[in-house]
Amino acid sequence: MARRIGTTRALCFAVLVFLPPAVFAAEKQPRPDRDLSNFVLQDCGSCHGMTLKGGLGPPLRPADLERLPTETVAAIIREGVPGTAMPPWKALLTPAEIDWVSQQLKSGTLLD
Ligand code: HEC
């Protein structure tokens with residue numbers, strides 16, 4: 001009996017931990033650009049540097065991304081880079097948001 005309760009608790013915990021981000025991703029509205037800019041500078045910036053000049057992750061300024069087409073940048077953001085610290089973002093950002101972020105990174109407009 002005690003074991004069953006333990007399993008139920010573990011399941012509840014798993015649902016609480018893993019479900020909210022999925023629900024959030026499915027229901028949220030597109031973010032206003034300004035909000036998304038802050039998200040990139042802070043969340044991505046925690047690894048790539050607050051001014052995207054690099055840190056744990058490589059720099060993400062236009063010159064650094066010149067060799068990558070916008071769609072490749074989007075694919076990296078979507079899927080992450082397996083085996084590295086770069087996580088996939090597709091559960092947190094919509095495809096449109098990922099495209100927007102990729103374009104901003106390629107053009108450098110987030111740092112204006
Ligand atoms: C936990 C740390 C971490 C976070 C947070 C993070 N990244 Fe990364 N990112 C990395 C690492 C490490 C690499 C290098 C992977 C490799 O070795 O190829 C990378 C690589 C990249 C690349 C490829 C760069 C290149 O020149 O090859 C892009 C683009 C990128 N990240 C965008 C983002 C964006 C946009 C965000 C926020 C939505 C983000 N990253 C958040 C760690 C992170």
Side-chain angles (χ1 to χ4, degrees):
M1 197 56 175
R3 233 180 123 196
R4 280 200 58 182
I5 290 170
T7 309
T8 308
R9 277 217 182 130
L11 264 177
C12 286
F13 180 72
V15 166
L16 281 176
V17 169
F18 295 112
L19 203 57
V23 169
F24 182 64
E27 288 182 356
K28 72 182 161 49
Q29 301 297 312
R31 292 167 204 253
D33 293 353
R34 175 165 280 286
D35 212 5
L36 200 51
S37 305
N38 286 336
F39 171 82
V40 172
L41 295 178
Q42 283 167 24
D43 285 53
C44 312
S46 66
C47 282
H48 292 279
M50 292 292 281
T51 53
L52 306 178
K53 285 184 184 147
L56 170 66
L60 300 179
R61 291 162 305 182
D64 306 303
L65 298 177
E66 209 159 33
R67 71 187 200 288
L68 304 172
T70 308
E71 175 43 38
T72 305
V73 173
I76 292 172
I77 298 171
R78 201 162 52 234
E79 306 296 335
V81 183
T84 76
M86 175 62 186
W89 292 91
K90 59 187 172 195
L92 283 172
L93 298 171
T94 65
E97 288 172 334
I98 289 175
D99 286 346
W100 185 86
V101 170
S102 309
Q103 283 156 16
Q104 303 310 305
L105 290 176
K106 288 285 285 181
S107 58
T109 39
L110 289 176
L111 298 169
D112 288 348

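Just so you know, ligand 1 is whichever comes first in the structure, and atom 1 is the first atom listed for that ligand. For reference, positions follow the sequence shown, starting with 1.
Arg61 places a side-chain heavy atom less than 4.5 Å from the side chain of Leu111. For the pair Leu105 and Ile77, the minimum side-chain heavy-atom distance is below 4.5 Å.
Taken from OG1 in Thr51 to CG in Leu110, the straight-line distance is 12.0 Å, to the nearest 0.5 Å. Separating the NZ atom in Lys106 from the CG atom in Asp64 is a distance of 10.5 Å, to the nearest 0.5 Å. We find the CD-CG distance between Gln104 and Leu41 to be 10.5 Å, quoted to the nearest 0.5 Å. Residue Arg78 holds its CZ atom at 5.0 Å from CD of Glu71, rounded to the nearest 0.5 Å. To the nearest 0.5 angstrom, Phe39 atom CZ is 5.5 Å from Leu92 atom CG.
Atom 2 (C) of ligand 1 has its closest protein heavy atom at Cys47 SG, 1.8 Å. Summary of contacts: the protein heavy atom closest to atom 14 (C) of ligand 1 is Pro58 CD, 3.4 Å. Among all non-hydrogen protein atoms, the one lying nearest atom 41 (C) of ligand 1 is Trp89 CZ2, 3.4 Å. For atom 18 (O) of ligand 1, the closest heavy atom belonging to the protein is Val81 CG1, 3.7 Å. Closest to atom 28 (C) of ligand 1 among all protein heavy atoms lies Leu60 CD2, 3.5 Å. Considering only non-hydrogen protein atoms, atom 36 (C) of ligand 1 sits nearest to Cys44 SG, 2.7 Å.
At a heavy-atom cutoff of 4.0 Å, ligand 1 is contacted by the side chain of Arg67 but not by its backbone.
Proximity annotation for atom 22 (C) of ligand 1: of Ile76, Leu56, Leu105, Val101, Ile76 comes nearest, heavy atoms only.
Residue Thr84 has no nitrogen or oxygen atom sitting less than 3.5 Å from a nitrogen or oxygen atom of ligand 1, judged on distance alone.
Every atom of ligand 1 with a heavy atom of Gly57 under 4.0 Å away is listed here by number and element: 10 (C), 11 (C), 12 (C). Taking every heavy atom of Asp43 and a limit of under 4.0 angstrom, the matching atoms of ligand 1 come to 5 (C).
Every heavy atom of Val40 sits 4.0 Å or more from the atoms of ligand 1.
In terms of modelled atom types and a separation under 3.5 Å, the side chain of His48 and the main chain of Pro58 share a donor-acceptor contact. No side-chain donor-acceptor contact under 3.5 Å links Lys90 to the backbone of Gly80.
To the nearest 10 degrees, atom 8 (Fe) of ligand 1 sees NE2 of His48 and SD of Met86 at an angle of 170°.
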